[in-house]
Amino acid sequence: MLLEKPTTLIPVCEPWLGEREEAYALECVRSGWVSSSGKFVDDFEQRWAAYCHRAYGVSVSNGTSALQAAIEALDLSPGDEVILPSLTIISCAQCIIRVGAKPVLVDCDHNTWTMNTQQVADCVTSRTRAILAVHMYGHPVDMQPILDVCEQHGIALIEDAAQAHGSECLVDDTNGSENKSWQRCGSFGTMSCFSFYANKIITTGEGGMVLTNDKTLDKRLRSIRNLCFGEDQRFRHETLGHNFRLTNLQAAVGVAQLERIEEILQRKRHIGQRYTHNLKDLTNISTQENQTWAKNVYWMNGIVINEKLGINAASFAKSLRARGIDSRPFFLGMHDQPVLINHGLFSGESYPVTTRLSQQGLYLPSGANLSDDQIDTVCQVVQELAS
Ligand SMILES: Cc1ncc(COP(=O)(O)O)c(C=O)c1O
């Protein structure tokens with residue numbers, strides 16, 4: 001039998017775990033607190049909420065369940081509308097459909113790849129109940145226009161900050177002064193959702209969280225996460241819920257990661273700035289354009305290949321792979337998803353910026369433990385392929 005030649009690719013992202021994660025996880029194993037009760041679950045919820053300047057944190061099993069729980073907590077009715085970007089993960093659209101509501105798409109901005117805030121304002125109808133704002137690759141959505149629309153129309157705001165732990169956005173001071181201040185992503189609106197999947201800035205392996213300042217929502221989210229057990233009679237259920245519980249073992253890793261978040265963010269910013277600098281003169285490649293109102297955490301470093309080069313992201317990725325570099329494609333737009341089209345959604349709608357980014361965009365190795373030499377190698381290969 002022929003042995004396959006070992007290939008070592010520069011990986012897209014590996015979790016950065018160390019002795020502290022090991023020690024806390026070991027504590028769970030040794031104490032037997034490995035399920036969904038335990039000090040690390042409470043600690044992780046409180047400390048992540050505090051980090052994001054929120055009152056309450058409800059941990060869940062992943063980012064998809066965080067979005068599902070948040071949407072269910074809004075008690076939407078069939079026909080209610082939720083505005084979301086077309087360029088995002090399916091989790092954002094499916095949670096809306098699963099409660100019988102209608103996802104309403106907006107295209108994204110050509111430079112930041114985040115949702116087009118002008119289109120958000122134009123999409124509001126009398127049935128709009130919520131906006132789901134999704135920060136992209138570490139760069140925030142421009143939150144001020146979104147906050148204004150929500151306030152003007154009295155609609156809920158859910159932030160999906162799965163890709164933007166620690167990033168910040170410049171918004172008006174809430175005290176009514178003329179000043180602006182930096183506010184952390186995950187602190188805006190009615191609820192914010194996070195994923196702690198292994199490629200996220202901080203990870204619990206699989207995991208997620210919903211944050212809110214609303215005590216009633218906190219209680220509702222806790223109930224949804226835990227099968228809506230009865231308050232007086234545990235096994236008597238008034239409402240359907242889910243088992244979305246995070247384990248103490250996972251939360252232990254999360255606490256250790258959170259204690260190191262500044263170190264992780266510092267590495268992410270360094271990597272992002274090195275990519276931006278190295279790639280800035282390439283005319284056939286564009287990168288996400290940082291805005292003055294945004295503090296990017298560079299979760300992933302995306303590039304968009306100019307059509308003039310005559311290739312799309314999939315073939316560019318193939319060439320990168322042949323040169324020992326792994327990458328991932330951008331999302332496919334929600335309006336191009338067979339499962340959603342078969343659901344009777346988005347017929348005749350077009351989102352040209354999303355379509356272009358889906359075809360021409362991919363992201364490069366971006367893990368926090370990437371060395372400068374690896375980044376420079378990636379940039380050199382990108383430069384060769386893009387000339
Ligand atoms: C923006 C966004 N939201 C939600 C999710 C879903 O998170 P999870 O994979 O933990 O279910 C992801 C996953 O990458 C994501 O990128």
Side-chain angles (χ1 to χ4, degrees), residues 63-64 66-68 70-71 74 80-98 101-125 128-150 153 155-164 167 169 185-186 188-195 288-291 293-294 296 299-300 302 304 328-337 339-341 343 345-346 349-363:
T64 302
L67 288 162
Q68 190 67 46
I71 282 288
L74 288 180
D80 284 349
E81 296 173 2
V82 180
I83 299 172
L84 75 160
S86 42
L87 188 73
T88 188
I89 192 158
I90 191 85
S91 317
C92 297
Q94 75 178 28
C95 64
I96 298 166
I97 295 163
R98 285 201 162 129
K102 183 181 170 199
V104 174
L105 303 180
V106 295
D107 208 350
C108 46
D109 176 76
H110 181 69
N111 297 315
T112 65
W113 314 336
T114 59
M115 68 201 297
N116 180 321
T117 54
Q118 182 53 51
Q119 285 184 15
V120 170
D122 296 342
C123 281
V124 175
T125 72
T128 308
R129 293 286 173 273
I131 296 173
L132 176 53
V134 187
H135 308 299
M136 286 294 288
Y137 303 127
H139 193 294
V141 174
D142 188 5
M143 291 310 292
Q144 191 56 57
I146 305 274
L147 290 166
D148 292 344
V149 170
C150 288
H153 298 278
I155 53 186
L157 169 59
I158 299 177
E159 246 188 298
D160 181 346
Q163 303 188 351
S167 69
C169 190
C185 291
F188 296 104
T190 321
M191 284 172 276
S192 41
C193 298
F194 292 88
S195 164
Q288 198 174 23
E289 200 177 275
N290 281 324
Q291 303 299 305
W293 44 260
N296 191 349
W299 172 61
M300 289 292 166
V304 178
R328 291 286 179 281
F330 279 11
F331 292 124
L332 180 64
M334 293 302 102
H335 60 295
D336 283 327
Q337 298 290 350
V339 67
L340 303 183
I341 294 167
H343 219 81
L345 290 163
F346 317 132
E349 298 177 21
S350 88
Y351 301 92
V353 182
T354 299
T355 300
R356 171 169 190 255
L357 292 175
S358 299
Q359 282 164 359
Q360 299 301 118
L362 58 92
Y363 55 83

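Everything quoted here is computed from the prediction, not taken from an experiment. When reading the values below, keep in mind they use all heavy atoms of this one structure, side chains included, and skip hydrogens, waters and symmetry mates. One is the number of the first residue; the rest follow in order along the sequence.
- Taking the side chain to side chain contact (heavy atoms under 4.5 Å, CB included) definition, one finds that Thr128 meets it with Glu81, Ile83, Val124, Thr125, Ile155, sequence neighbours left out.
- Within 6.0 Å of the NE2 atom in His153, the count of heavy atoms belonging to other residues, nucleotides or ligands exceeds 12.
- Annotation: side chain to side chain contact (heavy atoms under 4.5 Å, CB included) contacts of Gln119 (sequence neighbours excluded): Val106, Asp107, Asn116.
- In this structure, Asp336 and Ser358 have side chains that are not in contact, with every pair of non-hydrogen atoms separated by 4.5 Å or more.
- When atom types are taken as modelled, the side chain of Gln291 and the backbone of Glu289 share a donor-acceptor pair closer than 3.5 angstrom.
- Listed by chain and residue number, Trp113, Tyr137 satisfy the ring-ring contact (aromatic ring centres under 6.0 Å, His included) test with Phe330 (two or more places apart in sequence, or in another chain).
- Not counting sequence neighbours, Thr117 has no partner by the side chain to side chain donor-acceptor pair (under 3.5 Å) test.
- Residues Cys92 and Val134 approach most closely at SG-CG2, 4.0 Å, considering heavy atoms.
- In terms of the side chain to side chain contact (heavy atoms under 4.5 Å, CB included) criterion, residue partners of Ile90 (sequence neighbours excluded) are, by chain and number, Gln94, Met334, Gln337, Val339, Leu340.
- Residues meeting the side chain to side chain contact (heavy atoms under 4.5 Å, CB included) test with Pro140, sequence neighbours left out: His135, Ser167, Cys169, Cys185, Ala294.
- Among residue pairs with one or both ends in residues 83-93, those qualifying as side chain to side chain donor-acceptor pair (under 3.5 Å) are Thr64-Ser91, Ser86-Thr354; sequence neighbours excluded.
- Partners of Gln163 under the side chain to side chain donor-acceptor pair (under 3.5 Å) rule, at least two apart in sequence or in another chain, do not exist in this structure.
- Under the 4.5 Å side-chain criterion, counting only non-hydrogen atoms from C-beta, Ile146 is not in contact with Asp142.
- Of all heavy-atom pairs between Cys123 and Leu105, the closest is SG-O, 4.1 Å.
- One finds the CE atom of Met136 at 5.5 Å from the CZ atom of Phe331 (value rounded to the nearest 0.5 Å).
- Under the salt bridge (Lys or Arg N to Asp or Glu O under 4.0 Å) criterion, Asp109 pairs with no residue at all, not counting sequence neighbours.
- Side-chain contact check for Ser350 versus Thr355: every heavy-atom pair is 4.5 Å or farther apart.
- With sequence neighbours excluded, no residue forms a side chain to side chain donor-acceptor pair (under 3.5 Å) with Arg129.
- Counting heavy atoms from C-beta outward, Pro145 and Val120 have side chains that stay 4.5 Å or more apart.
- By the side chain to side chain donor-acceptor pair (under 3.5 Å) test, Tyr351 is found to be paired with Glu349, residues two or more places apart in sequence or in another chain being considered.
- Under a 3.5 Å cut-off, the side chain of Ser192 and the backbone N or O of Gly186 do form a donor-acceptor pair.
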